[in-house]
Amino acid sequence: MEEKRKALSNGCSFSGIKPVMADLPYPPIEVRGENQAYANLLSLDYCGSVSELSAIAQYINNENRLSCERCPLAKTLLGIAMAEMMHLQKLGELIVLLGGDIDFAARNNNGRQKMWTPEYLNLPEQAKKMIWADIEAERAAISQYKMHMGMIRDDCVNAVLRRIILDEEYHIMILQALFEGV
C-alpha cells in the first residue's frame, strides 16, 4: 500500500489533463421540437448499458487502477473519460429539450425504465484486457448511435450524435495504439 501511495504522489500528476477528442466543434444543442420517443432513445445513450455514463465509470475505474504503475496510460484514460463527460452533458441537454427527464433511468418506448447500474461495466484486471474492453465499449456505442440516428428524424439531434461518433472513433484509434503498446 505504501508503494502505491508513493508512486501516486511522486510521479503521476493529473494536472493539465484535457479531454481526448477530435479537434472539431460541436453543433448547437437544439432540437426541432419535443419528442418523447427521441428522448427515450437518447436516455439509452445517456445511462443505459451502452452509454456515456457507463463509459465514464469504466474509464475512471481503469484509470484509478492503473495510475500507480502505468501513469501515461492512466492519463490517457482520464482524458477519454473527460470527453465522455462532455458527451453525457450534451445528451442530457438534448433529452431535456426533447421533453425527457434526466434521472439516470434509461427508458424504452413502451414506458419501461431501468436505472443505471455498475453491473453494466466490464472491469478486467489486466491492463491489456482493460483497453480491449474499452475498445469494445466504444464500438458498441458507435453502433448504437448509428442505430438511433436511423430512428431519429431530427437533423439537429443527429448532427450532435454524428459529432459524438467522431470522438468515439478517435478514442478507438488511440486505444488501439495503446493496446499494441501494452
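A pairwise comparison of heavy atoms in A106 and G48 identifies CB-CA, 3.9 Å as the closest pair. Smallest separation of non-hydrogen atoms from S67 and A74: CA-CB, 3.6 Å. Across all non-hydrogen atoms, the minimal contact from D155 to R32 is OD1-NE, 2.7 Å. What you find for P19 and M86 is that their closest heavy atoms are CG-SD, 3.8 Å. Between L53 and L88, the shortest heavy-atom contact is N-CD1, 3.9 Å. In terms of heavy-atom proximity, R163 sits nearest to A22 at NH2-O, 2.9 Å.
Counting only heavy atoms from C-beta outward, the side chains of L77 and I60 never approach each other to under 4.5 Å. Residues D45 and E52 are not in side-chain contact: their nearest non-hydrogen atoms beyond the backbone lie 4.5 Å or more apart. Side-chain contact between F14 and E63 is present, with heavy atoms from C-beta onward closer than 4.5 Å. Counting only heavy atoms from C-beta outward, the side chains of L44 and N108 never approach each other to under 4.5 Å. Residues N35 and D154 have side chains not in contact (no heavy-atom distance under 4.5 Å, counting atoms from C-beta outward). Within the 4.5 Å cutoff, no side-chain heavy atoms of M21 are placed close to those of E168.
Of the possible polar contacts, one joining the Q144 side chain to the V50 backbone as a donor-acceptor pair under 3.5 Å is found. R70 places no side-chain N or O within donor-acceptor distance of the main-chain N or O of A127, the cut-off being under 3.5 Å.
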Carefully, step by step, assess R153 and Y38 under the rule side-chain contact (heavy atoms from CB on, under 4.5 Å). CA-CA 9 Å; R153 303 286 179 240; Y38 295 170; 3.3 Å; yes

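Applying the ring pair (Phe, Tyr, Trp, His ring centres under 6.0 Å) criterion to Y46, with sequence neighbours excluded, gives F104. For the side-chain hydrogen bond (donor to acceptor under 3.5 Å, both in side chains) test, residues two or more places apart in sequence or in another chain that qualify with Q89 are E93. Residues passing the side chain to side chain contact (heavy atoms under 4.5 Å, CB included) test with S54 are S51, W116, Y120, L121, sequence neighbours excluded. In this structure, D101 has no side-chain hydrogen bond (donor to acceptor under 3.5 Å, both in side chains) partners at least two apart in sequence or on a different chain. In this view, F179 and W132 satisfy the ring pair (Phe, Tyr, Trp, His ring centres under 6.0 Å) rule, not counting sequence neighbours. Partners of A137 by side chain to side chain contact (heavy atoms under 4.5 Å, CB included), not counting sequence neighbours, listed by chain and number: Q58. Applying the side chain to side chain contact (heavy atoms under 4.5 Å, CB included) rule to N158 yields the partners M149, I152, L161, R162; only residues at least two apart in sequence or on another chain are considered. Scanning for side chain to side chain contact (heavy atoms under 4.5 Å, CB included) contacts around Q36 gives A39, N40, with sequence neighbours left out.
Sorted by first and then second residue, the side chain to side chain donor-acceptor pair (under 3.5 Å) pairs involving residues 16-29 (not counting sequence neighbours) are Y26-H87, Y26-D167. Pairs passing the salt bridge (Lys or Arg N to Asp or Glu O under 4.0 Å) check and including a residue from residues 137-150, sequence neighbours excluded, read E136-R139. Sorted by first and then second residue, the salt bridge (Lys or Arg N to Asp or Glu O under 4.0 Å) pairs with a member in residues 117-130 read R65-E125; sequence neighbours excluded. Applying the ring pair (Phe, Tyr, Trp, His ring centres under 6.0 Å) definition to pairs two or more places apart or across chains, none involves residues 134-176.
L166 and V160 fall into different hydrophobic clusters, where Ile, Leu, Val, Met, Phe, Trp and Tyr residues are linked whenever their side-chain heavy atoms come under 4.5 Å apart, directly or through other members. In this structure, I95 is a member of the same hydrophobic cluster as M115, with clusters built from ILVMFWY side-chain heavy atoms closer than 4.5 Å.
Here the CD1-CD1 distance, from I174 to I131, works out to 12.0 Å after rounding to the nearest 0.5 Å. Considering NZ of K114 and SG of C47, their distance stands at 11.5 Å, rounded to 0.5 Å. Rounding to the nearest 0.5 Å gives a distance of 10.0 Å between CG of L91 and CD of E84. With values rounded to the nearest 0.5 angstrom, I17 atom CD1 is found 7.5 Å from S15 atom OG. Atom CG of D134 is separated from atom CD1 of I172 by 10.5 Å, given to the nearest 0.5 angstrom. Here CD1 of I102 is found 9.0 Å from CG of L42. Values are rounded to the nearest 0.5 Å.
By the SG-distance test at 2.5 Å, no disulfide connects C12 to C68.
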